[in-house]
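Have a look at the structure below, then the notes.
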Amino acid sequence: MIQFNHVSKWFGDFQVLKDINLHIERGEVVVICGPSGSGKSTLIRCINKLEPYQQGQIRVDGVDLADPELSLSQLRAEIGFVFQQFNLYPHMSVLENVTLAPLLVRRMSPSAAEDRSMQLLNKVGIPEKAHSYPAQLSGGQQQRVAIARGLAMQPKIMLFDEPTSALDPEMINEVLEVMKTLAREGMTMIVVTHEMGFAREVADRVIFMDEGEMIETNTPEDFFHHPQNERTQLFLSKIL
Ligand code: ADP
Ligand code: MG
């Protein structure tokens, strides 16, 4: 579903991604962790072409992102992206936030888009908030709306960039539970997170990044119990 072959990227003189090789199968759940500034966000932003890269090849569902025929809007319709900051439209109701893209991009009829959005709000556990505005919701509820919005286009891939980092501790679990459900339903997911409980429970693989490199990739079991690399060990000793 996602392939990085020898991908490198620079910001000016600074090499932010160093020879990334990563193959993710359909239905796989991959957790990426690592210190701040190690290139995690940059790596996942490359997948929907929010960031250009200078070397190597990225393929998403078989399509080379360098293909000049590639439609950006089609690519992004297939990839849901959930950020640390929820980025909901403040002047729109919850339902309108979720319905917007299917209406505009998929050109669904308003009633079909609304039905589907209500199903998604049910799925994330807040159908009663459909007519509220983002400011009236808690952080955990806003993030669940953001997940529903990400799912509205029926994406093949969901990318999460530290989705619980901006949340108060008591709201983290309600968001992780929604993500675990998605993972168990077979969604292909890349999740940048330091929530190691989540990684243990649903990740197929955990990747440790440092200074733009994929230092270690392993099953959660081996990653936590037998980390191979010294830098991974040091990182784990700080966060666990
Ligand atoms: P992480 O998500 O692991 O914290 P990032 O991918 O956000 O790391 O950033 C990796 C490095 O790239 C950091 O040193 C950051 O300062 C730098 N960086 C990120 N975005 C830009 C940019 N647009 N221009 C220049 N440097 C950037
Ligand atoms: Mg980041």
Side-chain angles (χ1 to χ4, degrees), residues 2-22 24 29-58 60 65-66 72 75-76 79-88 139-140 142-143 146-147 149-150 155 157-169 171-172 175-176 179 183 188-199 203 205-218 220 223-224 227-240:
I2 304 169
Q3 284 189 25
F4 282 69
N5 295 318
H6 299 291
V7 173
S8 290
K9 171 176 174 65
W10 287 260
F11 286 118
D13 294 341
F14 173 67
Q15 188 169 4
V16 59
L17 295 178
K18 299 175 182 163
D19 194 34
I20 300 293
N21 290 290
L22 175 62
I24 296 175
V29 177
V30 173
V31 162
I32 303 180
C33 61
S36 180
S38 55
K40 306 179 298 296
S41 296
T42 304
L43 186 149
I44 64 169
R45 287 164 57 85
C46 284
I47 298 171
N48 65 353
K49 285 196 101 172
L50 283 170
E51 293 284 355
Y53 48 95
Q54 287 79 33
Q55 259 179 29
Q57 185 187 51
I58 302 177
V60 174
L65 297 194
L72 253 194
L75 175 76
R76 290 184 184 160
I79 303 174
F81 206 131
V82 176
F83 304 88
Q84 178 175 347
Q85 300 302 339
F86 328 120
N87 296 333
L88 298 175
Q142 290 187 54
Q143 194 59 305
I147 294 174
R149 185 179 59 178
I157 297 167
M158 286 289 285
L159 305 175
F160 294 86
D161 193 356
E162 305 207 33
T164 59
S165 302
L167 297 177
D168 291 333
M171 293 170 189
I172 291 176
V175 172
L176 292 178
M179 292 165 59
T188 307
M189 292 167 59
I190 302 186
V191 185
V192 175
T193 186
H194 294 158
E195 290 293 335
M196 293 297 126
F198 174 86
R205 268 189 291 163
V206 184
I207 291 169
F208 175 67
M209 277 189 78
D210 195 13
E211 297 184 6
E213 275 181 279
M214 276 177 48
I215 301 287
E216 183 158 350
T217 167
N218 224 326
F223 186 84
F224 293 113
Q228 302 296 308
N229 188 285
E230 237 172 63
R231 282 195 264 178
T232 317
Q233 291 164 6
L234 182 66
F235 178 76
L236 287 174
S237 74
K238 285 183 192 156
I239 66 159
L240 292 180

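Residue numbers count from 1 along this sequence. Ligands are counted one by one from 1 in listed order, and the atoms in each one are counted from 1 as well.
Taking every heavy atom of P35 and a limit of under 4.0 angstrom, the matching atoms of ligand 1 come to 3 (O). The V16 neighbourhood of ligand 1 comprises atoms 10 (C), 11 (C), 12 (O), with distances under 4.0 Å to a heavy atom of that residue. Atom numbering of ligand 1 starts at 1 in the shown order; those under 4.0 Å from a heavy atom of S38 are 1 (P), 3 (O), 8 (O). Residue-ligand proximity, F14 to ligand 1, at heavy-atom distances under 4.0 Å covers atoms 11 (C), 12 (O), 14 (O).
Formation of a donor-acceptor pair under 3.5 Å by the Q233 side chain with backbone atoms of P227 is found in this model. Looking only at distances, a side-chain donor or acceptor of K40 sits under 3.5 Å from a matching main-chain atom of G34. Put simply, the side chain of Q54 gets close to the backbone of W10: a donor and an acceptor are under 3.5 Å apart. Judged by distance alone, with hydrogens and angles left aside, the side-chain atoms of R76 form a donor-acceptor pair with the main-chain N or O of K49 at under 3.5 Å. Using a distance-only test at 3.5 Å, with no hydrogens or angles considered, no donor-acceptor pair links the side chain of E216 to the main chain of F223.
Exactly one of I207, T217, I2 qualifies for a side chain to side chain contact (heavy atoms under 4.5 Å, CB included) with L22. That residue is I207.
Looking at atom 8 (O) of ligand 1, its nearest protein heavy atom turns out to be G39 N, 3.2 Å. Nearest to atom 3 (O) of ligand 1 among the protein's heavy atoms is K40 NZ, 2.7 Å. Regarding atom 19 (C) of ligand 1, its nearest protein heavy-atom neighbour is F11 CE1, 3.4 Å. Of all protein heavy atoms, the one closest to atom 7 (O) of ligand 1 is S41 CB, 3.7 Å.
There is a protein heavy atom less than 4.0 angstrom from atom 22 (C) of ligand 1. For atom 16 (O) of ligand 1, the protein comes within 4.0 Å by no heavy atom at all.
Looking at T42 against ligand 1, both its backbone and its side chain come within 4.0 Å, counting heavy atoms.
Contact between P163 and Q143 at its shortest, heavy atoms only, is O-NE2, 2.8 Å. Shown here for C46 and L17, the closest heavy-atom pair between the two residues is SG-CD1, 4.0 Å.
For S36, the closest heavy-atom approach to ligand 1 falls below 4.0 Å. Ligand 1 lies nowhere less than 4.0 angstrom from a heavy atom belonging to G212.
The N/O atoms of G37, backbone and side chain alike, include one that comes under 3.5 Å of an N/O atom in ligand 1.
A heavy-atom distance below 4.5 Å is found between the side chains of I147 and F160.
Rounding to the nearest 0.5 angstrom, the gap separating the CG atom in D19 from the CE atom in M214 is 10.0 Å. Rounding to the nearest 0.5 Å gives a distance of 10.0 Å between CD1 of I24 and CD of Q3. Interatomic distance, I79 CD1 to I47 CD1, rounded to the nearest 0.5 Å: 7.0 Å.
Each protein N/O/S atom under 2.8 Å from the Mg ion (ligand 2) was counted, for a total of 1.
Ring geometry for F208 against F235 counts as tilted: the plane angle lies between 30° and 60°, on a 0 to 90° scale.
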